[in-house]
Participant: 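First the structure, then my questions, so here it is.
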Amino acid sequence: MDPSGYEHLSPAEAIAYQEELRHKIQIQELTTPIKTIAGADISFDKDSDILYAGIVVFKYPEMTLIGTSTAISHTSFPYISGLLAFREVPALFNAWNNLYTKPDLLVLDGQGIAHERRMGIATHFGLLTNVPTIGSAKSRLYGKFEEPADKAFAQSPMYDKGELIGVALRSKEHCNPIYISPGHNISMQQSVDVIKNCIRGYRIPEPTRQAHYLVNKIRIENGESKTKQLGLFD
DNA sequence: GCGACAG
DNA sequence: ATCTTGTCGC
């Protein structure tokens, strides 16, 4: 199904689609070398249905900037816990198609398989584009875990009925942990290792941290240009 | 019925 | 996610 059609799905239909896609998920080691990595994120105004999507690509593991792409899209699918992909993936897909050179790996702001149906936004996007993905969320959605020690890089496994679905990682001392889980076409261990390599002094790993910065920037800029276009200062 | 609940 | 200044703590 083309993501442009997501907005016409009912929540029940979206859940049915997740159950259908989950059978295709591949959590296994990525054997091809990782030479480039990208971060993706979304931004929007409080009561607006316009989404600002952005992707930032870096050379890995140096993390030097290679390129960026953005897309401004409309959505009508509401935010529903567990169905985030249906709201944000269409916009991200547009930004993805604007990228000249696709990265070897993509980090999304949200869960991978640490989801009740293993279909977090990172997994969903990976299945859609066939690019290896990792989910790096700022808060927990699903899974049980013990609080990791308050020491940089301390980690604790996240489980769902005995199954390992993610890792709570203390990316920085005295900061709340981030929740890492593989999205598609990469292993749990590799996901955690890669994210650790992307931590550069902040709680949020560089790929999504920079993507967040980018989408906020274009959101503010777009708002200002519209104000001018409407001639509110005339 | 109650609590949880990515962005 | 976004609205927003100061403020507590390392």
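A note on names: the letters A, B, ... follow the listed sequences, proteins ahead of strands, and every chain is numbered from 1.
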Participant: Distance from A:Ile121 atom CD1 to A:Ile42 atom CD1, nearest 0.5 Å?
Facilitator: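 If we round to the nearest 0.5 Å, A:Ile121:CD1 and A:Ile42:CD1 are 7.0 Å apart.
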Participant: Side-chain N or O of A:Arg140 versus OP1/OP2 of B:dC5: is the shortest distance under 4.0 Å?
Facilitator: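 Checking A:Arg140 against B:dC5: at least one side-chain N or O falls below 4.0 Å of OP1 or OP2.
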Participant: Contact class for A:Asp150 (heavy atom, under 4.0 Å): base, sugar-phosphate, or nothing?
Facilitator: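 No contact.
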Participant: Base, sugar-phosphate, or nothing: which does A:Gly82 touch, judged by heavy atoms less than 4.0 Å apart?
Facilitator: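 Base, at least one base atom sits under 4.0 Å.
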Participant: Starting from C1' on C:dA1, measure out to CG on A:Asp109 and report it in whole angstrom.
Facilitator: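 Atom-to-atom, A:Asp109 to C:dA1, this comes out as 10 Å.
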Participant: Write down the distance between CG (A:Asp45) and P (C:dT4), rounded to a whole number of angstrom.
Facilitator: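 Taking atom P of C:dT4 as the reference, CG of A:Asp45 is at 11 Å.
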Participant: Distance check needed: C:dC10 P versus A:Arg203 CZ, whole Å only.
Facilitator: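 Interatomic distance, CZ of A:Arg203 to P of C:dC10: 18 Å.
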Participant: At less than 4.0 Å, is any side-chain N or O atom of A:Asn216 found next to OP1 or OP2 of C:dA1? Yes or no.
Facilitator: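 Answer is no, no contact under 4.0 Å.
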Participant: Between B:dA6 and A:Lys138, is there an OP1 or OP2 to side-chain N/O distance shorter than 4.0 Å?
Facilitator: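 No, because none of the side-chain N or O atoms of A:Lys138 sits under 4.0 Å from OP1 or OP2 of B:dA6.
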Participant: Between A:Ser81 and B:dG7, is there a side-chain N or O to OP1/OP2 distance below 4.0 Å?
Facilitator: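 It does not, given that no N or O in the side chain of A:Ser81 lies less than 4.0 Å from OP1 or OP2 of B:dG7.
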Participant: Are there over 12 heavy-atom neighbours, none belonging to A:Glu146, within less than 6.0 Å of that residue's CD?
Facilitator: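 Count not over threshold, so no.
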Participant: Step through the shown structure and confirm whether more than 12 heavy atoms of other residues, nucleotides or ligands are within 6.0 Å of CZ on A:Phe153.
Facilitator: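 Yes, CZ of A:Phe153 has more than 12 neighbouring heavy atoms, counting only those of other groups under 6.0 Å.
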Participant: Is there side-chain contact between A:Phe58 and A:Pro103, with at least one heavy-atom pair below 4.5 Å?
Facilitator: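 Not in contact.
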Participant: Find the distance A:Leu84:CG to B:dG7:P and express it as a whole number of Å.
Facilitator: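 Roughly 8 Å, once rounded to whole Å.
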Participant: Looking across every strand, which nucleic acid part, if any, lies under 4.0 Å from A:Ile178 by heavy atom: base, sugar-phosphate, or nothing?
Facilitator: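 Touches nothing.
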Participant: For A:Tyr79 and C:dA1, is the gap between ring centres under 5.5 Å while the planes differ by less than 30°?
Facilitator: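 Base of C:dA1: not stacked against A:Tyr79.
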Participant: How long is the line joining CE of A:Met119 and C1' of B:dG7, in whole Å?
Facilitator: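 My rounded result for the distance is 16 Å.
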Participant: Atom CE of A:Met158 and atom C1' of B:dA4: how far apart are they, to the nearest Å?
Facilitator: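 Rounded to whole Å, this separation is 13 Å.
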Participant: A side-chain contact here means heavy atoms from C-beta on lying under 4.5 Å apart; do A:Ile180 and A:Met158 qualify?
Facilitator: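 SC-SC contact between A:Ile180 and A:Met158 ruled out.
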Participant: Could you work out, with side-chain contact (heavy atoms from CB on, under 4.5 Å) as the rule, every residue matching A:Ile66, not counting sequence neighbours?
Facilitator: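 With sequence neighbours excluded, A:Ile66 shows a side-chain contact (heavy atoms from CB on, under 4.5 Å) to A:Thr36, A:Val57, A:Lys59, given in chain and number order.
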Participant: Over how many whole Å does the gap from A:Ile50 atom CD1 to C:dA1 atom C1' extend?
Facilitator: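 Spelled out: CD1 on A:Ile50 to C1' on C:dA1 is 15 Å.
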Participant: Go nucleotide by nucleotide along DNA chain C from the 5' end; which of A:Glu173 and A:Ile220 gets its closest nucleotide reached first?
Facilitator: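 Nearest-nucleotide comparison on DNA chain C picks A:Ile220.
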Participant: In this structure, which stretches of DNA chain C are paired as stems of three or more consecutive Watson-Crick or G-U pairs, both distances less than 3.5 Å?
Facilitator: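 Output for stems: empty, none.
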Participant: Between P on B:dG7 and CD1 on A:Ile121, what's the gap in Å once rounded to a whole number?
Facilitator: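 Value for this atom pair: 10 Å.
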Participant: For the side chain of A:His174, counting heavy atoms from C-beta on, which of B:dG7, C:dC10, B:dA6 is nearest?
Facilitator: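 It is C:dC10.
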Participant: Can you find a side chain N or O atom of A:His212 that sits less than 4.0 Å from OP1 or OP2 on B:dG7?
Facilitator: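 Result: no.
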Participant: Are A:Phe86 and A:Phe77 an aromatic pair, judged by ring center distance below 6.0 Å?
Facilitator: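 Yes; A:Phe86 has its ring centre under 6.0 Å from that of A:Phe77.
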Participant: Is it true that A:Arg170 and A:Glu173 make a salt bridge, defined as a side-chain N closer than 4.0 Å to a carboxylate O?
Facilitator: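 Between A:Glu173 and A:Arg170 there is no salt bridge, as every charged N stays at least 4.0 Å from the carboxylate O atoms.
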